Amino acid sequence: MDSGSVAREYTEHLTDADVRLLLSAEQADAGRSPGSEPVVAGQTRGRGRSWLLGDPDALQALLGDPRVFSAVLGEERAAPGHAPSASPFLVFAVLVHRSATELGRMAHVPERTGPRQRVPLFDAPELRDFVGSPERRLFLAELLASFTRVASGRYPVRGRGGQRTQRFSELDPVRLAGVLENVPDAERPGIYRRLGDVALFLTGVFPDYATGHAFGPVDVARLLRSARLSRDQREALTAAPAIDLLEYLG
């Protein structure tokens with residue numbers, strides 16, 4: 001995906017309020033002399049969504065700008081007359097870019113070794129390389145923002161005793177894997193994507209939960225069937241800890 005395509009994906013997620021917030025925060029200190037009035041939301045010198053779309057590098061720079069971080073997550077966001085609240089996507093996009101900046105100053109990162117246990121891991125350069133890609137930063141922002149609203153409900157299942165309904169939730173990988181067994185082939189790619197998303201979300205954001213959670217044999221079998229693994233792979237993962245199974249699925 002080229003930089004223009006990445007910028008287009010970003011701007012499709014950003015609301016009009018997000019665009020105003022980004023541009024007004026970026027201009028808050030531009031061209032101001034001491035004691036002059038600050039630039040307010042909406043005074044963006046005619047720039048807007050089309051400008052962001054036409055300048056992908058400027059968009060990436062804005063998302064990593066400390067002034068934007070302060071406007072989205074700093075104390076002044078609650079000040080009277082402040083621009084409208086940022087969308088969940090913009091919040092996570094700014095956080096991902098902030099993390100990329102902080103990794104540039106770190107020699108090590110904390111790594112989980114057990115429930116509530118962390119040790120320093122000296123692989124910051126590898127992580128910096130990972131988040132150095134605009135496509136990966138976009139993916140992370142989309143992934144995190146997507147879980148601010150979680151879909152759940154029921155779907156029909158036909159069995160020997162007739163048709164019944166089965167519950168599902170996007171935060172339950174076992175039930176989500178069950179949906180794969182009861183939908184047309186055309187609908188499976190989206191469910192596979194969401195199953196991978198929730199596996200990454202649980203292991204990356206809530207590793208202590210994933211470590212402490214155990215799947216029963218039936219649940220493990222359903223997850224392994226959904227991944228269509230070889231016999232050797234199934235045997236290796238059948239007795240693996242839940243977090244290892246989820247990391248593989250993710």
Side-chain angles (χ1 to χ4, degrees), residues 8-18 84-93 95-96 112 115 135-231 233-250:
R8 187 159 47 250
E9 290 287 334
Y10 269 107
T11 55
E12 288 178 357
H13 287 294
L14 296 173
T15 66
D16 291 340
D18 288 339
S85 298
S87 69
F89 175 78
L90 179 57
V91 170
F92 286 113
L95 284 172
V96 168
R112 178 194 57 80
E135 294 92 338
R136 290 176 181 151
R137 291 195 296 269
L138 171 64
F139 169 77
L140 290 173
E142 288 178 328
L143 172 67
L144 294 168
S146 73
F147 283 100
T148 59
R149 292 184 178 180
V150 178
S152 63
R154 293 179 177 271
Y155 60 95
V157 177
R158 188 175 298 279
R160 293 180 180 178
Q163 185 168 293
R164 58 190 176 86
T165 60
Q166 186 75 31
R167 297 187 66 85
F168 81 94
S169 169
E170 287 187 322
L171 280 179
D172 186 331
V174 176
R175 290 185 181 274
L176 199 56
V179 178
L180 285 167
E181 302 171 2
N182 297 279
V183 297
D185 290 345
E187 297 181 21
R188 288 180 178 173
I191 299 173
Y192 273 119
R193 164 69 187 263
R194 200 55 174 163
L195 181 57
D197 285 349
V198 71
L200 292 173
F201 183 74
L202 291 175
T203 55
V205 180
F206 298 106
D208 289 339
Y209 168 83
T211 300
H213 184 78
F215 292 121
V218 174
D219 294 341
V220 170
R222 173 172 281 180
L223 288 169
L224 293 178
R225 279 201 309 273
S226 74
R228 299 183 179 183
L229 305 177
S230 68
R231 177 178 297 179
Q233 290 172 316
R234 290 198 303 270
E235 291 177 353
L237 288 169
T238 295
I243 192 168
D244 291 347
L245 176 56
L246 288 173
E247 285 180 344
Y248 187 90
L249 290 174

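Since we're looking at a predicted model, the values are computed, not measured. Heavy atoms only: backbone and side chains are in, while hydrogens, waters and symmetry mates are out. For reference, positions follow the sequence shown, starting with 1.
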Could you grab the distance from atom [atom1] of [X] to atom [atom2] of [Y], nearest 0.5 Å is fine?
X      : Y      : atom1 : atom2 : answer
Thr148 : Leu144 : OG1   : CG    : 10.0 Å
Leu143 : Leu138 : CG    : CG    : 11.0 Å
Arg222 : Leu180 : CZ    : CG    : 10.0 Å
Glu135 : Glu9   : CD    : CD    : 10.5 Å
Glu142 : Leu140 : CD    : CG    : 9.5 Å
Asp197 : Leu171 : CG    : CG    : 11.0 Å

Could you list the residues that satisfy side-chain contact (heavy atoms from CB on, under 4.5 Å) with [X], not counting sequence neighbours?
X      : value
Ala141 : Phe89, Ala93
Ala242 : Phe215
Ala240 : Leu237, Asp244

### Message
Holding to ring pair (Phe, Tyr, Trp, His ring centres under 6.0 Å), I want the full list of residues that pass it with Tyr192, two or more places apart in sequence or in another chain.
### Response
none
### Summary
Applying ring pair (Phe, Tyr, Trp, His ring centres under 6.0 Å) to Phe139 and not counting sequence neighbours gives none
### Message
Over 60° means perpendicular and under 30° means parallel, so tell me whether Phe206 and Phe201 are parallel, tilted or perpendicular.
### Response
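Correct class here is perpendicular.
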### Message
Determine whether Val198 and Leu246 satisfy the following criterion, side-chain contact (heavy atoms from CB on, under 4.5 Å), listing intermediate values before the conclusion.
### Response
CA-CA 9 Å; Val198 71; Leu246 288 173; over 6 Å; no
Using the side chain to side chain donor-acceptor pair (under 3.5 Å) criterion, which residues pair with [X]? Sequence neighbours excluded.
X      : result
Arg188 : Asp185
Arg149 : none
Gln233 : Ser230, Tyr248
Ser87  : Asp18

Do you know the tightest heavy-atom contact between [X] and [Y]?
X      : Y      : answer
Ala177 : Leu195 : CB-CD2, 4.3 Å
Val150 : Ser169 : CG1-OG, 4.2 Å
Ala86  : Val91  : CB-CG2, 4.0 Å
Ala199 : Thr203 : O-OG1, 2.8 Å

### Query
Any salt bridge (Lys or Arg N to Asp or Glu O under 4.0 Å) pairs touching residues 168-179, not counting sequence neighbours?
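Found Glu170-Arg194, Asp172-Arg175.
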### Task
With sequence neighbours excluded, tell me which residues meet salt bridge (charged side-chain N to carboxylate O under 4.0 Å, His left out) with Arg167.
none
### Query
Partners of Arg164 by salt bridge (charged side-chain N to carboxylate O under 4.0 Å, His left out), sequence neighbours excluded?
none
